[in-house]
A.B. asks: 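Before I ask anything, here is the structure I am working with.
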Amino acid sequence: MSGTPHILITRQDIQAAIDRMAGEIRRDYTDKNPLLIGILKGSFIFMADLVRRIAMPLEVTFIRLSSYGSGTESSGKIKVLTRLSEEVKGRHIIVVEDIIDTGLTTAYFVDYLNKKKPASVRLCSLTDKPSRHKIPVKIDYLGFTVPDKFIVGYGIDWDEKYRYLPDICYIE
Ligand code: IMP
Ligand code: MG
């Protein structure tokens, strides 16, 4: 990869997808006070826009899971690096992800949450690379399906670079 970013999804298309997802979440969770758990760091910009569009009572927290380091391939070994201080038991949980690639991170985290006996767990992801899944993943709220390219921008990084780009880009 040379590292030059090319636009894949524009900021306008991102906002339209977030409007749609927020509407779906509002419809499904009205009066349920859901707890949205963002997986750091990639979800931080998406979460900020999403909750303002959902615009109804909800709670937000974040968790840090071990990531790729500086490589571009999932190791499949995932660790919870920060613990949740919020009570998960009995809560309606929405996991907020930037991208589902192999699906291993999400599967691991959903298992981890289920041990805490939540009322429900659903998954919301801005992007998905279905051609890369190593295990079946059910995404309840999805922004975009993306091709098998390395993507950056709108919070998503390549070795900590390019998170600030306003559009979702791919790197060649
Ligand atoms: P998975 O466990 O393989 O599904 O990987 C999920 C995580 O890997 C995502 O939350 C991202 O942090 C990172 N990741 C996967 N694909 C990409 C990509 O194309 N660009 C940037 N990060 C990625
Ligand atoms: Mg991530």
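When a ligand or atom number is given, it counts from 1 through the structure's own listing order.
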A.B. asks: Any donor and acceptor pair, going by atom type alone, linking the side chain of Arg20 with main-chain N or O of Gly143 inside 3.5 Å?
C.D. replies: yes
A.B. asks: Determine whether any heavy atom of Asp98 lies closer than 4.0 Å to an atom of ligand 1.
C.D. replies: yes
A.B. asks: Which ligand 1 atoms, with their elements, are less than 4.0 angstrom from a heavy-atom of Ile156?
C.D. replies: 20 (N), 21 (C), 22 (N)
A.B. asks: By ring-ring contact (aromatic ring centres under 6.0 Å, His included), which residues pair with Tyr141, not counting sequence neighbours?
C.D. replies: none
A.B. asks: For ligand 1, is Lys149 a contact, meaning one of its heavy atoms is under 4.0 Å away?
C.D. replies: yes
A.B. asks: Going by the closest heavy atom to atom 4 (O) of ligand 1, which one wins out of Gly103, Ser43, Cys169, Gly153?
C.D. replies: Gly103
A.B. asks: Any pair with a residue in residues 81-120 that passes ring-ring contact (aromatic ring centres under 6.0 Å, His included), sequence neighbours left out, goes on the list, sorted by first then second residue, please.
C.D. replies: Phe109-Tyr112
A.B. asks: Identify whether Val80 and Val110 are in the same connected component of the hydrophobic contact network (ILVMFWY, side-chain heavy atoms under 4.5 Å).
C.D. replies: yes
A.B. asks: With a cutoff of 4.0 Å, is Lys129 in contact with ligand 1, counting heavy atoms of the residue only?
C.D. replies: yes
A.B. asks: Any Lys/Arg nitrogen of Glu160 or Lys41 sitting under 4.0 Å from an Asp/Glu carboxylate oxygen of the other?
C.D. replies: yes
A.B. asks: Using the rule given for side chain to side chain donor-acceptor pair (under 3.5 Å), can you reason through Tyr154 versus Asp49, listing the C-alpha separation, both sets of side-chain angles and the distance that settles it, and then say yes or no?
C.D. replies: CA-CA 11 Å; Tyr154 196 72; Asp49 281 345; 2.5 Å; yes
A.B. asks: Output yes when Lys116 and Glu87 qualify as a salt bridge under the 4.0 Å nitrogen-oxygen rule, no when they do not.
C.D. replies: no
A.B. asks: Within ligand 1, which atoms have a heavy atom of Thr102 less than 4.0 Å away?
C.D. replies: 1 (P), 2 (O), 3 (O), 4 (O)
A.B. asks: Thr106 near ligand 1, heavy-atom distance under 4.0 Å?
C.D. replies: no
A.B. asks: Apply side chain to side chain donor-acceptor pair (under 3.5 Å) to Asp101 and His133, showing your working.
C.D. replies: CA-CA 6 Å; Asp101 187 43; His133 290 184; over 6 Å; no
A.B. asks: Go through ligand 1 atom by atom and flag the ones less than 4.0 Å from a non-hydrogen atom of Glu97.
C.D. replies: 10 (O)
A.B. asks: Could you tell me whether ligand 1 has any atom less than 4.0 Å away from a heavy atom of Asp157?
C.D. replies: yes
A.B. asks: Would Val152 count as a contact residue for ligand 1, given that I'm defining contact as a non-hydrogen atom of the residue lying under 4.0 Å from a ligand atom?
C.D. replies: no
A.B. asks: Purely on distance, is any nitrogen or oxygen of Ile100 under 3.5 Å from one on ligand 1?
C.D. replies: no
A.B. asks: With heavy atoms of Thr105 as the reference, note each atom of ligand 1 found under 4.0 Å away.
C.D. replies: 1 (P), 2 (O), 5 (O), 6 (C)
